[in-house]
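All values reported here derive from a predicted model rather than from experimental measurement.
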Amino acid sequence: MFAENAMALSVAAGGAAALTDGIIHPLDTVICRIQSGNAPHGTTSTTSRLFDKNLFHRLYRGFGPTVVANIPASIAFFTVYDSVRASFSKARAAGHFASLPRSFDYAAGSAAGELLACAIINPAQVLKQNAQAIRTPSHRHPPDQLSRSAAAQVLKLLRLFAKQPSKLWAGYSVLVAAQLPHVCLMFSIYEELKQNSPFEYCRPQTGDSDPVQQVKASAVCGAIAGCCSSWIFVPADVIRLRMRLAAGRAVEDQHSRTITTVEGVGVKSAKPKLANLNALAFARDIVRREGWAALFRGSLLTCIAAGVGGGIYLGSYEAIKTLCNMEE
């Protein structure tokens, strides 16, 4: 029985992650390019950036490493999340933790699951966001390099990062610092909405539950929770993205530091200083160069993506798990 439940959870979590990535990845690519500060070139506002055709070029770039990492990360998350929640339920049944609210169970379970998931996701996120970002053409990055296929771009990044694999965990501390409160808040809102929502369609029926109602409740509550919990953490997303792009440029510059020819004279390329900065230093650098508004760049699209993604992810997870349990 335990093996069957574990299999259903794994299939549901992996399937939900793959489906959500396939739908949300193009929008995530647009958000990445808006927040990166690199593209579209010469525009200053999010609205004007949306009219640049380069923003929508190769929207599935970086999809491979994302889905490959997100499937096991999703399985790991829900395995830990459900295990922690089950442990708290048994403890409460035995009379423990009576003074703690139920939201503590959800927060603790999601935090434990996210710590493990972040360790799996971070390398893929570094590869994905370096592949997604539009680089400004230069003498070292001619325009023809921007037209490379997504697969070729990812393979190139893999070869570069293989020489400095520690760079694949660039931004991990910021990822954990942002994701833990974000996921804890999201799942607390999600579970509370499912149990106590004033809207009938958000609550699963009690007793002999209707599977369709369960899926509908999960999707609606997941969308609301994802949207509500995402906006406050947009600055952390921007900082984390810039740290990862700086790590990518550092690895690329390390690879091409041999000799650059300028009018026939050999000069060494300068080491990028940003790659060695911490998160707070990155934040100060962004504010100094681009102003406070840059920390909230792409916030509207981030909320939309989080809402749609949360609804698809938790709704499809509930749907696939229900189907697996029905077949048993």
Side-chain angles (χ1 to χ4, degrees), residues 9-10 12-14 16-18 20-21 24-25 28-29 31-32 35 62-85 105-133 154 157-158 161 164-191 222 225-226 229-248 275 277-280 282-283 302 305-306 309-310 313-314 317:
L9 183 148
S10 298
T20 305
D21 286 338
I24 295 299
H25 191 86
D28 185 58
T29 301
I31 294 170
C32 172
Q35 293 179 340
F63 178 72
T66 301
V67 72
V68 167
N70 278 355
I71 289 175
S74 179
I75 295 172
F77 173 83
F78 275 107
T79 299
V80 175
Y81 178 67
D82 285 359
S83 299
V84 172
R85 283 187 57 196
D105 303 5
Y106 312 140
S110 58
E114 193 63 18
L115 277 174
L116 179 58
C118 284
I120 301 172
I121 289 173
N122 200 83
Q125 289 285 315
V126 172
L127 291 173
K128 179 192 77 170
Q129 291 177 337
N130 275 278
Q132 284 176 331
V154 171
L157 288 169
L158 281 172
F161 277 103
Q164 297 184 55
S166 63
K167 295 291 186 182
L168 288 171
W169 275 269
Y172 176 75
S173 59
V174 184
L175 175 65
V176 171
Q179 285 297 102
L180 283 188
H182 177 210
V183 171
C184 290
L185 178 61
M186 176 179 172
F187 273 84
S188 296
I189 295 173
Y190 169 70
E191 297 288 358
S229 61
S230 63
W231 184 83
I232 194 173
F233 298 105
V234 169
D237 292 339
V238 174
I239 296 168
R240 183 174 69 245
L241 170 63
R242 298 295 182 88
M243 291 179 72
R244 288 168 173 171
L245 295 182
L277 298 181
N278 58 30
L280 186 59
F282 260 94
T302 298
Y313 183 58
L314 293 170
Y317 170 76

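Annotation: the span from L115 atom CG to I120 atom CD1 amounts to 11.5 Å, rounded to 0.5 Å. A distance of 8.5 Å separates OG of S74 from CD1 of I121, quoted to the nearest 0.5 Å. For the atom pair CD1 of I24 and CD1 of I31, the computed distance is 8.5 Å after rounding to the nearest 0.5 Å. Atom CZ of residue F77 and atom OG of residue S110 lie 5.5 Å apart, to the nearest 0.5 angstrom. To the nearest 0.5 Å, atoms CG (D21) and CG (D28) are separated by 8.5 Å. How far CG of D237 is from OG of S230: 8.5 Å, rounded to the nearest 0.5 Å.
Residues satisfying the ring-ring contact (aromatic ring centres under 6.0 Å, His included) test with Y313, not counting sequence neighbours, are F78.
No donor-acceptor distance shorter than 3.5 angstrom exists from the side chain of S10 to the backbone of I75, with no hydrogens or angles considered.
Closest approach of A112 and V84 over heavy atoms only: CB-CG2, 4.2 Å. Scanning both residues, T66 and H25, for their nearest heavy atoms gives OG1-CE1, 3.8 Å. Between I71 and A18, the closest heavy-atom pair is CD1-CB, 4.1 Å. Shortest non-hydrogen contact noted between M186 and S229 is CB-OG, 3.4 Å. Closest of all the heavy-atom pairs between A306 and G226 is CB-O, 3.3 Å. Closest non-hydrogen pair, G309 versus T20, comes out as O-CG2, 3.7 Å.
A 4.5 Å side-chain heavy-atom check between T302 and F233 finds every atom pair outside the cut-off. Counting heavy atoms from C-beta on, the side chains of H182 and E114 never come closer than 4.5 Å.
The six-membered or imidazole ring of Y106 lies away from that of Y81, with a centre-to-centre distance of 6.0 Å or more.
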